[in-house]
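This structure is a prediction, so every number in the text was calculated from the model and none was measured. Chain letters run A, B, ... following the sequence lines, proteins first and then strands; every chain starts at 1.
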Amino acid sequence: QGICNRLVIGLLKSKNISLACEVCEDMFKAGLRLDVYTFTATINAFCKEGKIDKASEMFVKMEEVGSIPDVVTYNILIQNLCRKGSLDHAYDLYKKMQARALTPNVVTYTTLIAGLFKASDFDKAKSLAHEMYCNGLVPCAVTTDILITGFCKEGKIETAAEIFREMLYRDLMPRDSTCARLINGLCKAGNVEEALGLLDTMIKKCILPNIITFNSLLNVLCKAKKSKQAEALFLDMVGRGFVPDVVTFNTLIDGCCKVGNISKAFTIKEYMVERGIHPNVSTYNSLINGLCKLGKICEANALLLEMLERNLGPDLVTYSTLIDGHCKLGDINEAERFLDEMMKINLMPNISTYNALIDRHCKDGNLEEAFKFMDEMAGKGLMPDIATCSIIVHGLCSIAQMEEANTFLNNMRNNGCLPN
RNA sequence: CCUGCCGAUCUAUAGGG
């Protein structure tokens, strides 16, 4: 009996569901009993397969033969309901298990909290977390990861940070990836000071930051044009023994490019190669962008060739960058030549690519050509976005076609593109 | 012995004082 039970679980683990079922049948026939673990594992397998009726059949059978479902069994049923979005039913089960004197554990709460996030019921997720504390349970790394990354994704960075502080206060160890996401959230929200403060806190609490954390911070410092601080952080990070990766260098290079410091960008490019880290497509894209914005087309083209020599295929961003570069320099012909070229190698332009072209035509007062591109986009199923709208409105206004601008705006509004 | 979350960080497009 013991061996058969183990066998069924083994078969389920190797996804051999039908064979596992056969063994179960044979066991029933031979009068052997499945234990709670085996019943539970079988129910889980059926749930994961989407065979809910089979799962409930098993659950009924389990009760019939007097095998008492435990917390894990309920957790599985609750998860299945959460997956289907039936959160009310999941919550009912959570109540029902307690009526049967089964105490929900950390997994029960974590499952429900994850389900609530998926259903966008953030307040209930938070209050359930609180309920969990009140019941004397300590959230684990998974629980806090769900809460913190969930709130970050929603843009509720302050709530996420609050949960994080509470966690540290309770001496719980978050995952380094949880910290990385929170720090990135703070960075993206422009809260650099708090992000840097969090880094200090992590280090003090002996939570090792990872390279992604540093990259996020470097990025926000570069974007804020605080190159001195970025450099200091980079040196600090290297001094602590963290190894910069390709994203680290790309971030620094892009920062230089954005302020027009191309020579420094190239110095960093050489330095990364010396350290054995090879530039990738993003590296080249940043450099090409920097060169284009300075009007250095020949050098940009040279980099494009260098990419090809190194077997780095130019991508959508590379072409969009070049197209925009030529547009900004007023060379619509060259821009359109790149548009043809990208399509020849099966790279499909996206909304950003078209916006650059439409903007050029608008600034040339050539609204007719601009609208032609709008049609071309539509033919490809690309919807104009908020940028497209402001480009066109700006274009129409600058040639004093106020009525047309108004009409256009209304049309866009009716198509679901709200002006900002 | 059966159950829960996660691959997050870098590159291209518009508008105002």
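Residue contacts for A/V106: at a heavy-atom cut-off of 4.0 Å it reaches a base atom on one of the strands shown. Among the protein residues, A/C292 comes within range of no part of the nucleic acid, since none of its heavy atoms lies under 4.0 Å from any strand. Within the nucleic acid shown, A/N210 comes within 4.0 Å of at least one base atom, counting heavy atoms only. Contact annotation for A/T40: base contact, defined as any heavy-atom pair under 4.0 Å involving a base atom. Here A/N5 lies out of heavy-atom contact (under 4.0 Å) with every strand. Residue A/N105 is classed as having no contact, given no heavy-atom separation below 4.0 Å to the nucleic acid. Contacts of A/A387 with the nucleic acid, taken as non-hydrogen atoms under 4.0 Å apart, include base atoms.
Closest to the A/I9 side chain, of the nucleotides B/C5, B/C2, B/A12, is B/C2. Closest approach to the A/S177 side chain among B/A8, B/C10, B/G4 is made by B/A8 (side chain taken as heavy atoms from C-beta onward). The listed nucleotides are B/G15, B/U11, B/C2; the one nearest the side chain of A/I76 is B/C2. Taking the side chain of A/K223 as heavy atoms from C-beta on, and the options B/U11, B/A8, B/A14, the nearest nucleotide is B/U11. Side-chain proximity of A/S282 to the nucleotides B/C10, B/U9, B/U3 is greatest for B/C10. Comparing B/U3, B/A12, B/A14 against the side chain of A/V72 picks out B/U3 as the nearest. With distances taken from any side-chain atom of A/D145 to the nucleotides B/A14, B/C5, B/A8, the minimum falls on B/C5. Comparing B/A12, B/C5, B/U9 against the side chain of A/Q79 picks out B/C5 as the nearest. Comparing atom distances between the A/I391 side chain and each of B/C10, B/U13, B/C2 picks out B/U13 as nearest. In the set B/U11, B/U3, B/C2, B/U11 carries the atom at the smallest distance from any side-chain atom of A/V317.
Look at CG on A/L303: it is 18 Å from P on B/U11, rounded to the nearest Å. The distance from atom CG of A/L12 to atom P of B/U3 is 10 Å, rounded to the nearest whole Å. Between A/M377 atom CE and B/U13 atom C1' the separation is 11 Å, expressed in whole Å.
OP1 or OP2 of B/G4 lies within a sub-4.0 Å distance of a side-chain N or O belonging to A/K48. Side-chain nitrogen and oxygen atoms of A/K269 include none within less than 4.0 Å of the OP1 or OP2 phosphate oxygen of B/C10. Within the structure, a side-chain polar atom (N or O) of A/N219 is placed less than 4.0 Å from OP1 or OP2 of B/C10. Residue A/K293 places none of its side-chain N or O atoms closer than 4.0 Å to OP1 or OP2 of B/U11. Considering only side-chain N and O atoms, A/K118 lies nowhere under 4.0 angstrom from the phosphate OP1 or OP2 of B/G4. The shortest distance between the side-chain N/O atoms of A/K258 and the OP1/OP2 oxygens of B/A12 is below 4.0 Å. Contact annotation: A/K363 side-chain N/O to B/G15 OP1/OP2 distance is under 4.0 Å.
For the 3.5 Å distance criterion, the side chains of A/N289 and A/S286 fail to qualify, holding no donor opposite an acceptor.
Residue side chain A/S390 reaches the base of B/A14 through a donor-acceptor N/O pair under 3.5 Å, judged by distance alone. Judged by atom type and distance alone, A/S352 reaches the base of B/U13 through a side-chain donor-acceptor pair under 3.5 Å.
Between the side chain of A/N215 and the backbone N or O of A/V247, no donor-acceptor pair lies under 3.5 Å.
Two rings, from A/Y94 and A/Y74, have their centers 6.0 Å or more apart.
Here the side chains of A/C187 and A/V192 are not in contact, with every heavy-atom distance at 4.5 Å or above.
A salt bridge is absent between A/K344 and A/E341: the closest approach of a Lys/Arg side-chain nitrogen to an acidic carboxylate oxygen does not fall below 4.0 angstrom.
We find the CZ-CG distance between A/F373 and A/L339 to be 5.5 Å, quoted to the nearest 0.5 Å.
When all heavy atoms are compared, the tightest approach of A/I386 to A/N420 is CD1-N, 3.4 Å.
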